[in-house]
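Inspection log for the structure reproduced underneath, given as structure tokens.
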Protein chains: 2
Amino acid sequence: MTAAERRAQILDAARAVFGRRGYHGSTTDQVAKAAGISQPYVVRMFGTKEQLFIEVLHDTLTTLLGAFRAAHAQSVARGDDADRRAQAIGVAYLELSETRGFHTMLLQGFVSGAEPAIGAAARAGFLDIYRFLVHEAGFDDPQVSSFLGGGMLFSVLLGIEMPTLFDADTDAAALMQATFGDKCPFIVEAERARRASA
Amino acid sequence: MTAAERRAQILDAARAVFGRRGYHGSTTDQVAKAAGISQPYVVRMFGTKEQLFIEVLHDTLTTLLGAFRAAHAQSVARGDDADRRAQAIGVAYLELSETRGFHTMLLQGFVSGAEPAIGAAARAGFLDIYRFLVHEAGFDDPQVSSFLGGGMLFSVLLGIEMPTLFDADTDAAALMQATFGDKCPFIVEAERARRASA
DNA sequence: CGAGGTAGTTATCGAATGATTACCGGCAAG
DNA sequence: CTTGCCGGTAATCATTCGATAACTACCTCG
């Protein structure tokens, strides 16, 4: 396998691992095992664990902004009004949950601000999203706060593994229904599958 | 000093440490140093680091719910309408940022769901907040989503140390203005003081 | 006084983990 | 054929960190 392919594969595996256990809670060996290679190779390819984490975060943020731009452009092409355009971007955000550990990886990046290099990357990435929403998508202040807040709540509910309580607790089910909307059954099912495979 | 006093002091120090670096990123020695005692004593008093983390989380959630209940009761006593009552609880949430690491500790609890015992405590605590908002404070679904989302965004912006960019980046300043509202200068100043002391 | 409990410490151990080094097999080019 | 590089591993090192053990100073009560 070529080095570039391996690199992509490691980034993918690392996103799942880091997304679940965070920067400090994950080991390079876990990433290596998830990618099906040896631990020293992970380190050699990325230099350090911190560098790997930052590249995963950067890659995830790039994917996110790409998805947002695509959704926005499509919505504009359809001639949607402002509300519809905002909704299209929101849907794009929810649909990124199909790629393993996407939202939890973002969140883990956002709570690792105490590591200087990671904090800088996280701040820059968060601001990029904000700038896109305001300057490209034309959100106003209440819209952007509401959008980002909804996104953070979404990610936290996934990180906390709230879907495990969907069947056991009616309040949990109501909360997730209120947050995930009509994507709710889809997300609950995806989480169930993830747990079953683990 | 009595054991109960020490316990409270350690919990306080641990909240600041865990809030900044998370569960895996913090060491019992950092907590001990912050509390001015030896590392083995921290472990002996709480059994394990995990147990300490869970107790800090529980303590933080208890404080949070207490503050919410007090704010709600006061608002009811004033005869406020539903919107005012919701706002009073929101203000109570913001004001808890005066106690060191409060919001970031909550967030760190919420992203450590991969540790089984911590995840269970975090889910239960999150649901307690949800239940208070819905069943005691009478929030409807959109209100509760908006409130929780705003809270998560608030905590993430603190965790990411976004206030460090307040003066350097006008977009960062706008984002924080939109999120923190009129508490914004207060919070920026508090973060500046925290960094100066570190 | 002395016995026991309370609040702590110093010293140390063992496991985990990020990183390094040295090595190996295949394959393409000269 | 052999030289050298590319993709990759096994072995190992140096630290860090949570936990344990053993000890000490102080206070109080009979």
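In the text below, chain A, chain B and the rest are named by the order of the sequence lines, each starting its count at 1.
Remark: aromatic rings of B:Y93 and B:H103 are close, center separation under 6.0 Å. Centroid-to-centroid, the aromatic rings of B:F147 and B:F68 come within less than 6.0 Å.
No side-chain heavy atom of B:Q108 sits under 4.5 Å from any side-chain heavy atom of B:R21. At least one side-chain heavy atom of B:L157 sits less than 4.5 Å from a side-chain heavy atom of B:F180.
Summarising the geometry, the separation between OH on B:Y41 and C1' on D:dA19 is reported as 17 Å, rounded to the nearest angstrom. Rounded to an integer number of Å, the gap from CE of B:M45 to P of D:dT20 is 16 Å. Atom CZ in A:R44 sits about 7 Å away from atom C1' in D:dG7, given to the nearest Å.
A heavy atom lying under 4.0 Å from DNA chain D marks the following residues of residues 24-37 of chain B, by number: B:S26, B:T27, B:T28. Within residues 105-113 of chain B, no residue has a heavy atom under 4.0 Å from DNA chain D.
The aromatic rings of B:Y23 and B:F18 lie tilted to each other, with the angle between the two planes from 30° to 60°.
Heavy-atom nearest nucleotides on DNA chain C were determined for B:P40 and for B:M1, and the one closer to the 5' end corresponds to B:M1. Projected onto DNA chain D by closest heavy-atom contact, B:T48 and A:Q39 fall at different nucleotides, the more 5' of which corresponds to A:Q39.
Side-chain atoms of B:Q177 come within 3.5 Å of backbone atoms of B:G181 as a donor-acceptor pair (strictly under, hydrogens ignored). The main-chain N or O of B:D140 is found under 3.5 Å from a side-chain atom of B:Q143 such that the two form a donor-acceptor pair. Checking side-chain atoms of B:E136 against main-chain N and O of B:L133 turns up no donor-acceptor pair under 3.5 Å.
Where DNA chain C meets chain A (any atom under 4.0 Å from a heavy atom), the bounding nucleotides read 5' to 3' are C:dT17 to C:dT20.
Using a 4.0 Å cut-off between charged nitrogen and carboxylate oxygen, A:D167 and A:R192 count as a salt-bridge pair. Using a cut-off of 4.0 Å between Lys/Arg side-chain N and Asp/Glu carboxylate O, B:R131 and A:D171 are scored as salt-bridged.
When each of A:V56, A:L61, A:D59 is checked for a side-chain contact (heavy atoms from CB on, under 4.5 Å) with A:M105, only A:V56 meets the rule.
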